[in-house]
Amino acid sequence: MTTFAELGVDQDIVDALAARGIIDAFPIQEQTIPLGLPGQDIIGQAKTGTGKTFGFGIPVVQRLGLNPEPGVKALIVVPTRELAVQVYEDMDMLTSNRSTSVVAIYGGKAYEGQIDQLKAGAQIVVGTPGRLIDLNNQRLLDLSNAAEVVLDEADKMLDLGFLADIEKIFQKVPAVRHTQLFSATMPGPIVTLARRFMSNPIHMRANDPDEGLTQANIRHLVYRAHALDKDEVIARILQAEGRGKTVVFTRTKRAAQKLVDELGDRGFNAAAVHGDMSQEARERSMAAFKAGKRDVLIATDVAARGIDVNDVTHVINHTIPDDEKTYLHRAGRTGRAGRTGIAVTFVDWDDLHKWALINRALEFGQPEPVETYSSSPHLYEDLDIPAGTKGRIVTAPKAQKSDAPKRDGGGKGEGEPRRRRRRGSGSDAGSGSTDAPTRTEDAPREGDGSGTHDGGGKEHHDGKPAPRRRRRRRGPRGPREGAAGTA
DNA sequence: AAAAAAG
């Protein structure tokens with residue numbers, strides 16, 4: 001492990017991190033900070049929950065001093081409002097020992113406070129595209145000196161739904177700038193597209209390519225959901241002892257609302273977050289979930305990316321995600337910063353094909369041997385969670401489809417991260433190699449490239465073992481007995 | 001097709 005000080009991080013930032021118990025840098029940080037500090041353009045790719053935010057954020061903060069121009073000097077663009085708040089908080093923490101001020105610019109909120117902070121001289125702006133462009137159009141946000149530009153969840157930002165806005169934003173920032181793109185997933189075509197906005201970017205991957213993209217410390221369980229009362233099963237999982245916080249993902253806003261109402265009727269402590277809610281209600285839900293006042297969060301994919309709540313033990317896909325990228329990001333809400341987690345997915349009858357695609361893309365290798373508790377999902381005929389099995393979801397071998405011998409540690413302990421060949425359909429497959437930074441070829445770029453950079457992902461940990469929540473959860477309809485411990 | 005993101 002390398003300390004942040006050894007990476008060239010300024011003492012005041014080292015101190016700010018230390019105040020939060022953060023001393024050692026994660027691999028993606030070791031890789032990108034030394035490159036970002038001198039202004040190298042970076043495409044930073046690392047698994048969920050491994051510290052990307054500081055990977056870009058620290059260089060951004062330290063490079064501000066190199067920019068003599070007034071006004072906003074750095075722009076960090078993210079796909080959701082909640083992520084804007086979170087990244088804002090991280091940047092605010094990093095700058096807590098210096099005068100640099102940070103502002104979050106996103107929709108659904110009053111303009112006034114945001115405008116005031118801009119006028120007061122905010123130097124780092126973290127925001128979502130719509131409001132950023134809105135304020136820029138109103139000449140209330142000048143981006144012409146923002147020589148540090150970051151796209152967090154970069155592949156999402158360059159996706160069709162956001163691309164036009166991102167192109168607009170890139171037209172407003174200096175042509176000579178430092179550009180950093182970070183995400184856990186970076187499909188090849190997106191990397192190609194990304195080069196257009198960068199100058200001689202280096203594609204850094206913190207993970208071993210043989211290892212695939214899934215987190216070794218997340219256990220994946222997949223169940224067919226036909227003839228299954230999903231709400232009932234979810235309720236049972238939520239009653240499990242040893243369960244910490246849980247995020248349940250649905251495909252639609254309506255389904256999320258319906259489920260949170262249903263669980264509320266059953267007496268669960270659930271909160272929802274989706275786009276049909278007021279921003280105020282969304283933030284209330286997130287705050288309550290983070291604070292532990294609510295221990296179940298029912299969400300649409302608005303919460304699939306980046307959101308960092310450090311004691312989420314379970315992610316439940318009430319509805320299967322659309323693609324393998326979304327699967328990875330959703331599952332990545334647990335198992336962060338070295339902790340373990342469980343991802344449960346229900347596959348409806350009509351979604352078997354979707355599951356097959358995800359299974360193949362992520363190389364879960366259903367037919368392969370199961371080596372450890374780690375990342376090997378299996379599709380079962382049905383779900384069988386014995387009533388007394390709190391906290392430990394037992395896989396039902398009877399229905400196992402695999403014909404390969406199964407060696408399984410049972411769900412516990414530090415399984416050796418299993419190595420898989422990865423090749424082919426993995427959407428995340430980047431073009432880079434793992435242990436060595438891969439230099440992507442130069443590509444024509446609009447503008448120029450002197451670049452500022454910064455990069456990072458948000459997830460960090462304090463290096464301490466996961467504080468296991470052993471709150472005993474008692475189901476609304478009566479506690480169930482069982483073994484405890486999710487990990 | 002859904003969700004997200006300006007109001």
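Numbers restart at 1 for each chain; the letters A, B, ... are given by sequence-line order, proteins then strands.
For NZ of A/K230, the number of neighbouring non-hydrogen atoms (other residues, nucleotides, ligands) closer than 6.0 Å is greater than 12.
Scored by the side chain to side chain contact (heavy atoms under 4.5 Å, CB included) test, A/S99 finds no partners at all (sequence neighbours excluded). When the side chain to side chain donor-acceptor pair (under 3.5 Å) test is applied to A/Q138, the partners found at least two apart in sequence or on another chain are A/D134.
No cation-pi contact links A/K156 to A/F162, judged by a cut-off of 6.0 Å to the six-membered ring centre and 45° from its axis.
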Going 5' to 3' along nucleotides 1-7 of chain B, which nucleotides have protein heavy atoms under 4.0 Å from the base (write B), which only from the sugar-phosphate (write S), and which from neither (write -)?
BBBSBBS
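Between the A/N317 side chain and the A/I320 main chain, no donor and acceptor come within less than 3.5 Å of each other.
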